[in-house]
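Worksheet for the structure shown next.
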Amino acid sequence: MHPNGKDDLKVPLLRPADGVTASLSTTDHRKDDRVRSVSFKVSDIKCASCAVSIESAVRKLNGVKSVSVSPLQGHAAVTYIPELINARKIKECIEEAGFAVSEFPEQDIVVCRLRIKGMACTSCSESVERALSMVDGVKKAVVGLALEEAKVHYDGNITDTNRIIEAIEDAGFGADLITTGNDLNKVHLKLEGVNCPEDAAVIQTTLELAEGVNEVEMDLAGEKVVIAYDPDLTGPRSLIHCIKEASHGSKSYNASLYIAPRRRESEQQEEVRMYRNQFLLSCLFSVPVFIFSMVLPMLHPYGNWLEYKIYNMLSIGMLLRWMLCTPVQFVIGRRFYVGAYHALRRKSTNMDVLVALGTNAAYFYSVYVMIKALTSDKFEGQDFFETSSMLISFILLGKYLEIVAKGKTSDALAKLTDLAPDTACLVKLDNDGNVISEEEISTQLIQRNDVFKIIPGSKVPVDGIVITGQSHVNESMITGEATPVAKRPGDKVIGGTMNENGCLLVKATHVGSETALSQIVQLVEAAQLARAPVQKLADQISRFFVPTVVVAAFFTWLGWFILGLIGLYPTWWIPKAMDGFELALQFGISVLVVACPCALGLATPTAVMVATGKGASQGVLIKGGDALEKAHKVKTVVFDKTGTLTIGKPAVVSAVLFSSYSMEEFCDLATAAEVNSEHPIAKAVMEHAKRLRKKFGSSTDHNAEVKDFEVHPGAGVSGKVGEKVVLVGNRKLMQASNVAIGHEVQDYLSENEQMARSCVLVAIDGKIAGAFAVTDPVKPEAGRVISFLHSMGISSIMVTGDNWATAKAISKQVGIQEVFAETDPVGKADRIKDLQMKGMTVAMVGDGINDSPALVAADVGMAIGAGTDVAIEAADIVLIKSNLEDVITAIHLSRKTMSRIRLNYVWALGYNVLGLPIAAGILYPFTGIRLPPWLAGACMAASSLSVVCSSLLLQSYKKPLDVHDARGQNYCPKSA
């Protein structure tokens, strides 16, 4: 956001997927079937009998609940059960009856977000994606491993969330619906007085008829209703009032805001609690097993009783170890069996397969030893019950610590979500603007155009504009800017920021999902869900990782067993109470359980989660891992001039006439031509011209009507005002329109351009009538940002539509060597493509609509937060507070993140590359060191934990450029 708060994000940065004609979903409370409605136009209806024919044909279809056709308007509305029939079959039925259908929603694309449970590695997330892509009607599915969420785009006419959840559960994972629908403006209300389906129908009908209501979903069992609405037309308080108004006779209805529990946090806490309890329970059995097998036998005579034979060679110690190990193997370790079963059923493999194979091998071989001891009076064998139980315990400990650490990766997002206050002070004003009443309400009940009071020390609930009062607002939690920003009437405030001093009355302009804070949260969530290209490495490895490990474990066992069988290694290598088979088996099990595919899967998403959250808290919104990965490669940054290198608030410093027109008439014609232009320079000319008109006695603000108005990108505007053809723009526009530029005008242009001023020429009927000199001050931090980029090995280029002289003067001020001037929007994109053709990775920094082609063409587009919505949509990275220092922050953070991801891969791959040979016994012949299976399992658990903790270190990231004073006179580089 711009420091004065006068620019903000007007629409959500994350636009939902484009839908088509909205179909209304309702619920039939007499059955559990979900009911959907579809509306469309039917042509060729000549009379009422045609409408009856259509209704009769459609009503025969199985699954159609009701059909209504208007013979006058040709409008048809059909209510149907999507489980039995879809909208396309209804359309085909009408067409077969001989009527044409138009304005039909071919696809009702709906987006839903789901919480996925049970994912452990990249293989799991890929399995969920495959399961979702196989569901009929699903268009796109993205699954985030670290975020444990899925975002699914599907055709609502073909499938629904129930079928999607079923597909995920069939794949062996749990799923809970988070949100659904394209309309983010929804309110959940708790109903009172609704006791039967008739009451629900009354309320539903009342709400559907209310202005601004798009969709109503009734939940009679839970006594709740979810309403999707247009915030321009209505709001939560109006909807509650509407429900109260539906009361009739003895029936009284009421509603209150229903705040759903925060399932993410509660589920995460429950998962942490579950793993902790399972670990502690397993320790209750595993520790005694470990003591009975490893500790007491070494403490004579305390362990002698364990060797007492019960029957044949079966000892008390072996029986106790079996009794204690079995619950750990089959009860506590059941989750590994279930996970392995589902993985194998979907023809894939994961960590559960390795753990199940390793523990089963140890357990069932130990059972075999126990049975042989029971049936033989001479057999001597070593059981491995402690291997099985300790292995499961250490893996559960690792998962517990990993989940605790993973929970911290989303801390930044949680802090952003908690910024908005729970309540707000709603005020009512009389006609004179005096406060007549105050009421404390929930922030979620605020509607557009409400007026609320913000006292010193309280937070701003939603985005709005100050109507009364003066204060300073701390916006650091949104923009990262520590200095409080002065606010006066007319300035805009951002929801979630802190009022420092003074009392403000603010009028709400953006509520619900439209607030800047909501947009930031949406963008960060989407970024964390997006998969970075570097993740492809882990995806490719995961496909063959587990099968390779299983094969390696088998050959490890076989190799050691055969070598021992033919006597290729000395017998003293075999530990006491073991034989060659058992030693080989231990090596094989160690190979199975030491390998860790989870660490590879977590290496990228955890780092991206922490980095995007940290970036958001620093005022840099990064739209996903792809943007992060590209930004770290940037070697050239292309800057727009106006509003990027300059403050973006041009001011006219002089106006001259070169004709016989009076200044008043000259200003009237110039403002009439510029009135429809959105360019900052055009607005500056308009404001100056209005001041001159008032100075010369004009008493009206009315502008003459302009005809044939045309925008000439990068040059200016033209139009016809009355009978006069008016051109307002730069030298390029005049030359293109064959308007002669005399010596006097040329001298005026040269004089001002040398002072870094832009000249706006005004031509009337083919002759230059006058000109305005416009200056736009350079941002104070621009020079040191360019210098710091140079120190990072990044070159800077300026591309502008302004004239060469002004462009060179500005570039000299900030220290940019290479300049492209008098360039239109398409030309800017072409310049970037030329640089890319030379092998450069290019970032573009801009703020306006004219920059959007270049932002898209660049490898990384960076939009100034105070810029236009189009520029923000086109960009990969958004700089919230419009400070150029954040260009450095974005590139530096991306470099740190990619460095951390590479380090994570070193941890994960290096661990496996070193761990597998050691587990296979490569050091054993030379050093006598071997890795017991239970210790191998502990190492495997530690590898995932180390990767997550490595990613968490990004939370300590500090900006590389520190401003020491408010004016930004000094800076120093700082390492993160």
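- Counting only heavy atoms from C-beta outward, the side chains of Tyr337 and Gln329 approach each other to under 4.5 Å.
- Closest approach of Ala131 to Ala171, counting heavy atoms only: CB-CB, 3.9 Å.
- Between the side chain of Tyr275 and the backbone N or O of Leu401 there is no donor-acceptor pair closer than 3.5 Å.
- Taking each heavy atom of Ser951 and Thr606 in turn, the nearest pair found is OG-OG1, 2.8 Å.
- Between Phe290 and Ser393 there is no side-chain heavy-atom pair separated by less than 4.5 Å.
- Side chains of Thr841 and Asp859: a donor-acceptor N/O pair is absent below 3.5 angstrom, by distance only.
- Judged by distance alone, the side chain of Ser787 and the main-chain N or O of Arg784 form no donor-acceptor pair under 3.5 Å.
- Minimum heavy-atom separation, Ile116 to Ala175: CD1-CB, 4.4 Å.
- Of the possible donor and acceptor atoms, none in the side chain of Ser950 sits under 3.5 Å from a partner among the backbone N and O of Asn904.
- Contact check for Ile403 versus Glu148: no side-chain heavy atoms found under the 4.5 Å cut-off.
- Side-chain atoms of Val272 and Gln269, non-hydrogen and from C-beta on, never get closer than 4.5 Å to each other.
- Counting non-hydrogen atoms of neighbouring residues, nucleotides and ligands closer than 6.0 angstrom, the CH2 atom of Trp557 exceeds 12 such neighbours.
- When only modelled atom types and interatomic distance are considered, Thr359 and Ser388 share no side-chain donor-acceptor pair under 3.5 Å.
- Considering CD of Glu149 and CG of Asp176, their distance stands at 11.0 Å, rounded to 0.5 Å.
- Between Leu396 and Gln278 the shortest side-chain heavy-atom distance falls below 4.5 Å.
- Between atom CE of residue Met862 and atom CG of residue Leu855 there is a gap of 10.5 Å, rounded to the nearest 0.5 Å.
- A ring-centre distance under 6.0 Å is found for His892 and Tyr957.
- Of all non-hydrogen atoms in Ile589 and Pro933, the two that sit nearest each other are CG2-CB, 3.6 Å.
- A donor-acceptor pair is defined here as one N or O able to donate and one able to accept, closer than 3.5 Å; such a pair exists between the side chain of Thr897 and the backbone of Leu893.
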Val328 vs Val289, test: side chain to side chain contact (heavy atoms under 4.5 Å, CB included). Steps then yes/no. CA-CA 11 Å; Val328 178; Val289 172; over 6 Å; no

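- To the nearest 0.5 angstrom, Leu391 atom CG is 9.5 Å from Leu592 atom CG.
- Between Asp886 and Lys959 there is a side-chain heavy-atom pair separated by less than 4.5 Å.
- Counting non-hydrogen atoms of neighbouring residues, nucleotides and ligands closer than 6.0 angstrom, the CZ atom of Arg902 exceeds 12 such neighbours.
- Looking at heavy atoms from C-beta onward, Val128 lies in side-chain contact with Met119 at the 4.5 angstrom threshold.
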Pair Val878, Lys623 - check side chain to side chain contact (heavy atoms under 4.5 Å, CB included), show working. CA-CA 8 Å; Val878 181; Lys623 296 183 180 179; 4.1 Å; yes

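- In terms of heavy atoms, Ala595 sits closest to Asn912 at CA-OD1, 3.4 Å.
- Qualifying salt bridge (charged side-chain N to carboxylate O under 4.0 Å, His left out) partners for Arg273, counting only residues two or more places apart in sequence or in other chains: Glu270.
- In this structure, the separation between CZ on Phe788 and OG on Ser796 is 12.5 Å, given to the nearest 0.5 Å.
- Distance check: Ile332 CD1 to Leu281 CG gives 3.5 Å after rounding to the nearest 0.5 Å.
- Here the NZ-CD distance, from Lys117 to Glu169, works out to 9.0 Å after rounding to the nearest 0.5 Å.
- Of all the heavy atoms in Gln955 and Lys614, the pair that sits closest is O-NZ, 3.1 Å.
- Within the structure, ring-ring contact (aromatic ring centres under 6.0 Å, His included) contacts touching residues 587-617 (residues at least two apart or in different chains) are Trp560-Phe587, Phe587-Tyr924.
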Between Arg900 and Val610, is a side chain to side chain contact (heavy atoms under 4.5 Å, CB included) present by the stated rule, with each step listed? CA-CA 11 Å; Arg900 184 61 56 183; Val610 177; over 6 Å; no

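- A heavy-atom distance below 4.5 Å is found between the side chains of Arg130 and Ser127.
- Sequence neighbours left out, the pairs with a member in residues 389-401 that pass salt bridge (Lys or Arg N to Asp or Glu O under 4.0 Å) are Lys399-Glu402.
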Check step by step if side chain to side chain contact (heavy atoms under 4.5 Å, CB included) holds for Phe394 and Ser286. CA-CA 10 Å; Phe394 274 113; Ser286 300; over 6 Å; no

